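Numbers restart at 1 for each chain; the letters A, B, ... are given by sequence-line order, proteins then strands. Note that this is a predicted model, so its numbers are computed, not measured.
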Protein chains: 2
Amino acid sequence: MASADAPYPVQEIADAWERERPGTPVSAIGIVTPVWQLAKLLGDDRRRVLARAGVDTATLDLLSVLRRAGEPYTLSTRDLAARSMVTAGAVSQRVARAEREGLVVRRTGEGRPRTVWVELTPAGHELVERTVDQVLHREAELIGGLTPDQQRQLAGLLKILLQDVQVRLGDNRITQVGG
Amino acid sequence: MASADAPYPVQEIADAWERERPGTPVSAIGIVTPVWQLAKLLGDDRRRVLARAGVDTATLDLLSVLRRAGEPYTLSTRDLAARSMVTAGAVSQRVARAEREGLVVRRTGEGRPRTVWVELTPAGHELVERTVDQVLHREAELIGGLTPDQQRQLAGLLKILLQDVQVRLGDNRITQVGG
DNA sequence: AGGTCTATATTTAGGCCTAAACGTAACATC
DNA sequence: GATGTTACGTTTAGGCCTAAATATAGACCT
């Protein structure tokens, strides 16, 4: 059985809370719920696309981060955790899985002390080249119902919201200047 | 260690692909990536908020769906799967966990044949009442950096996108994958 | 130098999920 | 009435993740 494919209408959720519990603070539902539903639909779809290529989304995420970093396709596990938004433990497991499949190698003893460097192997590089366009093209199709102008508007609003949520979550780190 | 807290800048991801692989179809990144990053940040935060109340997000989701449905707080597992956007197997496990904790009960033999009905217990009802405002209020705070007008715009665009993605996934279903 | 602290990465325990295999029960058809 | 089909819910196997417990190895201090 496939995972569910039809998100439940957001408006009905807010209305139901209002009906059942008048005064429930529903103001965030119109944004938070569709964000989760979209993430779920897109994530499920990406997983199915990648399954055909014999890879899982977590592994491709790791390989993609390394590939995008450019030569020499090497990052510390610390950087990998930050760029993937997962815990250090998750990175350790991702790297172990990918290393077992020959997609990356671990190296230590160079540069900063105590850091573990992870480098893409030719096989890992090849896997990215073979799958990334497929995934990105598919997603471009999926959001293609919005006009270019709507896409720009939406991307702009999401960017503002993301930066703001980040600040409110207590991360006061400055990640970007301007723009 | 907590999960990662700072999303990686979306623009840098698209720029990196362009630099490393000119021609990579990056047009969806400005929307898909922030949607995932927001879902991750909001999901992590909700999990931590609920952990203090001794409940997990999957269980509260189940209880909330039942609570919102109104009297007699009863739905079939079929409805639960559709409204939760998870597989039937996941619903079965969610209900089993919640039943073990006395938050719901299962009943069969009524109404449609072969359907299992899940009903909220008083304890389950109480848990929803005790936590849902907390969660929703917190999320309203987190998105509070957008002006009311921006929130309306964003909600509107997300609604359009969601409906459109749903249609495209329905048409363009991926054929079955082995393994 | 030795003990303690600190910063990292890894391992472990436990949770949730998907996909697929199962087990059942109503139904249609012969 | 027997049998194949279909519609469900559950169970199983395996994957990924978080949080916390474990190593480890420099740094710091007395």
Side-chain angles (χ1 to χ4, degrees), chain A residues 1-5 36 39-41 43-52 54-62 75-82 84-101 106-118, chain B residues 1-5 36 39-41 43-52 54-62 75-82 84-101 106-118 174-179:
Chain A
M1 133 105 52
S3 57
D5 37 33
W36 277 344
K40 181 72 161 64
L41 291 178
D44 285 353
D45 188 68
R46 178 179 280 199
R47 176 163 33 70
R48 287 189 286 258
V49 168
L50 288 176
R52 289 191 297 186
V55 67
D56 60 80
T57 55
T59 297
L60 188 68
D61 184 49
L62 169 66
L75 290 171
S76 65
T77 55
R78 195 175 163 61
D79 281 344
L80 289 170
S84 306
M85 293 181 76
V86 294
T87 60
V91 169
S92 193
Q93 294 174 62
R94 284 183 175 191
V95 170
R97 288 194 297 270
E99 188 169 43
R100 213 177 299 134
E101 297 179 51
R106 263 187 277 214
R107 289 202 322 269
T108 59
E110 304 161 45
R112 297 196 306 263
R114 284 189 308 283
T115 58
V116 174
W117 299 96
V118 181
Chain B
M1 129 112 50
S3 57
D5 37 32
W36 277 344
K40 181 71 162 64
L41 290 178
D44 285 354
D45 189 68
R46 178 178 279 200
R47 175 163 34 70
R48 285 190 287 260
V49 167
L50 288 176
R52 285 184 291 183
V55 66
D56 60 81
T57 55
T59 298
L60 188 69
D61 185 49
L62 168 66
L75 290 171
S76 66
T77 55
R78 194 175 164 60
D79 282 344
L80 288 171
S84 306
M85 292 181 76
V86 294
T87 60
V91 168
S92 193
Q93 295 175 60
R94 283 183 176 192
V95 170
R97 289 194 296 269
E99 189 169 43
R100 217 164 21 235
E101 297 179 51
R106 263 187 276 214
R107 289 202 322 267
T108 59
E110 303 161 46
R112 296 197 307 261
R114 283 187 310 283
T115 58
V116 174
W117 299 95
V118 180
I174 293 182
T175 48
Q176 193 61 22
V177 178

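- The side chain of B:Lys40 places an N or O atom within less than 4.0 Å of a non-bridging phosphate oxygen (OP1 or OP2) of D:dT18.
- Atom-to-atom, CG of B:Leu62 to P of D:dG9 comes out at 14 Å; the value is rounded to the nearest Å.
- For A:Thr77 and C:dA9, the shortest distance from a side-chain N or O to OP1 or OP2 is below 4.0 Å.
- Among C:dT10, D:dG15, D:dC17, the nucleotide with an atom closest to any side-chain atom of A:Arg106 is C:dT10.
- Distances from the side chain of A:Val86 to the nucleotides C:dT10, D:dT18, D:dT10 place D:dT18 closest.
- The CG atom of A:Leu75 sits 12 Å away from the P atom of C:dA9 (whole-angstrom rounding).
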Quiz item: Can you check side-chain contact (heavy atoms from CB on, under 4.5 Å) on B:Arg106 and B:Thr77, steps first, answer last?
Solution: CA-CA 9 Å; B:Arg106 263 187 276 214; B:Thr77 55; 5.7 Å; no
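- Nearest-nucleotide assignment on DNA chain D puts the 5′-proximal partner with B:Ser76, out of B:Ser76 and B:Gln93.
- Environment of CZ in B:Arg97: crowded, with over 12 heavy atoms of neighbouring residues, nucleotides or ligands closer than 6.0 Å.
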Quiz prompt | Candidate pair B:Asp56 and B:Leu50, rule side-chain contact (heavy atoms from CB on, under 4.5 Å), full reasoning | solution = CA-CA 6 Å; B:Asp56 60 81; B:Leu50 288 176; over 6 Å; no
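- Taking the charged nitrogens against the carboxylate oxygens, B:Asp61 and B:Arg94 do have a contact shorter than 4.0 Å, which makes a salt bridge.
- OP1 or OP2 of C:dC16 sits under 4.0 Å from a side-chain N or O of B:Arg97.
- Among the protein residues, A:Ala90 comes within range of the nucleic acid bases, having at least one heavy atom under 4.0 Å from a base atom.
- In this structure, B:Asp61 places its CG atom 13 Å from C1' of C:dC17, rounding to the nearest Å.
- Rounded to an integer number of Å, the gap from A:Glu99 CD to C:dT10 C1' is 13 Å.
- Contact check, B:Thr87 against C:dT18: a side-chain N or O comes under 4.0 Å of OP1 or OP2.
- With distances taken from any side-chain atom of B:Arg114 to the nucleotides D:dG9, C:dA9, D:dC8, the minimum falls on D:dC8.
- Taking atom CZ on B:Arg100 and atom P on C:dG14, their separation rounds to 14 Å, with Å as the unit.
- At least one donor-acceptor pair closer than 3.5 Å links the side chain of B:Trp36 to the backbone N or O of A:Ala39.
- Nearest to the side chain of A:Asp56, among C:dC16, C:dT18, D:dG15, sits D:dG15.
- In this entry the distance linking CZ of B:Arg48 with C1' of D:dC17 reads 13 Å, nearest Å.
- Separating the CG atom of A:Asp44 from the P atom of C:dC16 is a distance of 18 Å, rounded to the nearest angstrom.
- Remark: B:Arg47 is not in phosphate contact with D:dC17, judged by side-chain N or O atoms under 4.0 Å from OP1 or OP2.
- Between B:Ser92 and D:dG9, a side-chain N or O to OP1/OP2 separation shorter than 4.0 Å is absent.
- Protein atom CD of B:Glu101 is 15 Å distant from nucleotide atom P of C:dG14, rounded to whole Å.
- A:Leu80 has its side chain within reach of A:Val118: a pair of non-hydrogen atoms, C-beta onward, lies under 4.5 Å apart.
- For B:Arg94 and C:dG15, the shortest distance from a side-chain N or O to OP1 or OP2 is not below 4.0 Å.
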